[in-house]
Amino acid sequence: MSNYILALDQGTTSSRALIFDRNGKTISIAQKEFRQIFPKPGWVEHDANEILSSQIGVAAEVISLSKIKTDDLAAIGITNQRETTVVWDRTTGEPIYNAIVWQDRRTSDYCDELIAQGHEPMIREKTGLVIDAYFVATKVKWILDHVEGAREKAEAGQLALGTIDSWLIWNFTQGEKHITDSTNASRYLLYNIHTLSWDDELLELFGIPKNMLPEVCDSSGALATTSGAIFSRKIPITGVAGDQHAALFGQMCTEPGMVKNTYGTGCFMLMNIGDKPIISKNKLLTTLAWKIGDEVVYALEGSIFIAGAVVQWLRDGLGIIHSAPEIEELMDNTEDNGGVSFVPAFTGLGAPHWDQHARGTIVGITRGTTSGHIARAALESIAFQTYDVLKAMEADADIEIKELRVDGGATANRFLMQFQSDVLQCGIVKPETSEITALGAAYLAGLGIGLWDDVEQIKRQWNVKTEFKPNDDFKVKESVGQWHRAINTTSYWSNNK
Ligand code: ADP
């Protein structure tokens, strides 16, 4: 009986592999970092072959650590850093250029031109996205325009294009399958989220030959089978999703209105909005949450650039704490923010404010202000930024959220989680498994192979670790009002350069 799922979590800084059992319990983890390549300011690349070898390496290691045989593996689930783009030669299997990473800004001027030409409303309506260097399309165009002979080869059908899921699967199947799942496809700026197909008008606009594109498949089901050469036997790949989508599934946010927020360096928030795409009026993205058979689920997405990173800045920039957990001790002796607000717009502000010129602002300082007040205002800023995105989601979807499911490093901070609950006046739920992204990939794969019968069965084994309930007497209006005055101050400063 094959009782285990191998989840491959291919992230921005490391490749990870995890084994989960039938109960969704983590058996072991292996992880390997790989090189970040910065050829010029604003450019970020990865060596696609290094991604592949590190991913295969950790998969072998985790199988050995778990003391199971490959025969015990029912299936593989893959989740990946999104938008990172690889173009490779179909004959040699070699990438023709490094993978261009989602963070890479080399195509921002081109994006500004497209916006100035008035393409944004059409693109937004079709793809649910905004025109930005972040997504796949302009990265591919750059490779075709800058790598010698690439465009001719592409037009002759000799090149394949994919995000990291496609690259891994193409290699795991020794070139047999060139596919991507619909969540990854929805990050291209080329995928029509209404018709669920590549869009010819967009392909033409970006000058990308259709034959380069992967076939789009479901996020769960019989998607591919590894060649015997990789894991000593053929193993089905039955789950694939981009990392944030996998996390939404791993949090079992399977009903409209359910939301997850990942508190890492930044925050990534996704809300399940059901089977109809809603194009945001509040500058959020619309994306595929997952597609399983006939079931298509959409999500609204909002990101916050600086969340846990503000705590790192208190440690490394200001030096008022020595470690991230120490901030919580500081909170024990700090009753309130002392009138101080902190907008950590170090790299501009993301959703729903979108001000790339905004910069960090601390306001309300008096002679009585202490490091504790500043630290508290910094932590509060994580919760207030989350509040702003959630309110935008509620307005777009016309759904009031009842609870927020959370994961990521900064959820270790109990003060922050309680404060978040107070500000939102809703429950905060933290699941037992901390590896929620990999768990989501494992769930998709397990469903795809029939290890679990349906989502209901998974929900029954999904356990809450900690729950935070809101204090009724928390003064939401007052504290959010102070925050919004600080946001206005930040905007005033950035707009009066
Ligand atoms: P990423 O995946 O983006 O690297 P993680 O999920 O590993 O992020 O979380 C790391 C972030 O969490 C860091 O920015 C760190 O400052 C923050 N963090 C970790 N522990 C705490 C804590 N106890 N209180 C507040 N922030 C914390």
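In listed order, ligands and their atoms are each counted from 1. Please read these numbers as outputs of a predicted model, since none were measured by experiment.
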Colleague: Give me the residue, atom name and distance of the protein heavy atom closest to atom 5 (P) of ligand 1.
Modeller: G409 N, 3.6 Å

Colleague: Can you tell which part of A309 has a heavy atom less than 4.0 Å from ligand 1: side chain, backbone, both or neither?
Modeller: backbone

Colleague: Provide, to 0.1 Å, the distance between atom 25 (C) of ligand 1 and the closest protein heavy atom, together with that atom's residue and name.
Modeller: N413 ND2, 3.5 Å

Colleague: Tell me, which protein residue and heavy-atom name are nearest atom 23 (N) of ligand 1, and how many Å apart are they?
Modeller: P325 CA, 3.6 Å

Colleague: Is the backbone of A445 close enough, under 3.5 Å, to the side chain of T238 for a donor and an acceptor to pair up by distance?
Modeller: yes

Colleague: Considering only non-hydrogen protein atoms, determine which one is nearest to atom 21 (C) of ligand 1 and report residue, atom name and distance to 0.1 Å.
Modeller: A324 CB, 3.7 Å

Colleague: Could you tell me whether G308 and ligand 1 have an N or O pair separated by under 3.5 Å?
Modeller: yes

Colleague: May I ask you to check whether F419 and F474 place their ring centres under 6.0 Å from each other?
Modeller: yes

Colleague: Which protein non-hydrogen atom lies closest to atom 8 (O) of ligand 1, naming both residue and atom, and how far is it?
Modeller: G264 CA, 3.4 Å

Colleague: Looking only at distances, please establish whether an N/O atom of ligand 1 is found under 3.5 Å from an N/O atom of I327.
Modeller: no

Colleague: Tell me which protein heavy atom sits closest to atom 4 (O) of ligand 1, plus the residue, atom name and distance to 0.1 Å.
Modeller: T265 OG1, 3.6 Å

Colleague: When you measure from atom 27 (C) of ligand 1 to every protein heavy atom, which one gives the shortest distance, and what is it?
Modeller: A410 CA, 3.7 Å

Colleague: Under 3.5 Å, is there a donor-acceptor pair between the side chain of S66 and the main chain of I68?
Modeller: no

Colleague: Answer yes if the ring centres of Y97 and W88 are under 6.0 angstrom apart, and no otherwise.
Modeller: no

Colleague: Okay, side chain of Q103, backbone of Y134: is any donor-acceptor separation there less than 3.5 Å?
Modeller: no

Colleague: Can you report which non-hydrogen protein atom sits closest to atom 13 (C) of ligand 1, along with the distance?
Modeller: Q312 NE2, 3.7 Å

Colleague: Taking the side chain from S166 and the backbone from I179, do they hold a donor-acceptor pair closer than 3.5 Å?
Modeller: yes

Colleague: Between E301 and Q244, is the side chain to side chain donor-acceptor pair (under 3.5 Å) condition met? List the steps.
Modeller: CA-CA 9 Å; E301 172 174 330; Q244 299 309 320; over 6 Å; no

Colleague: Looking at G408, which atoms of ligand 1 are within less than 4.0 Å of one of its heavy atoms?
Modeller: 6 (O)

Colleague: Report yes or no: does K139 contribute a side-chain atom to a donor-acceptor pair with the main-chain N or O of A133 at less than 3.5 Å?
Modeller: yes

Colleague: Atom 1 (P) of ligand 1: protein heavy atom closer than 4.0 Å?
Modeller: yes

Colleague: Could you tell me whether E328 and ligand 1 have an N or O pair separated by under 3.5 Å?
Modeller: no

Colleague: How about Y443 and W452: are their ring centres within less than 6.0 Å of each other?
Modeller: yes

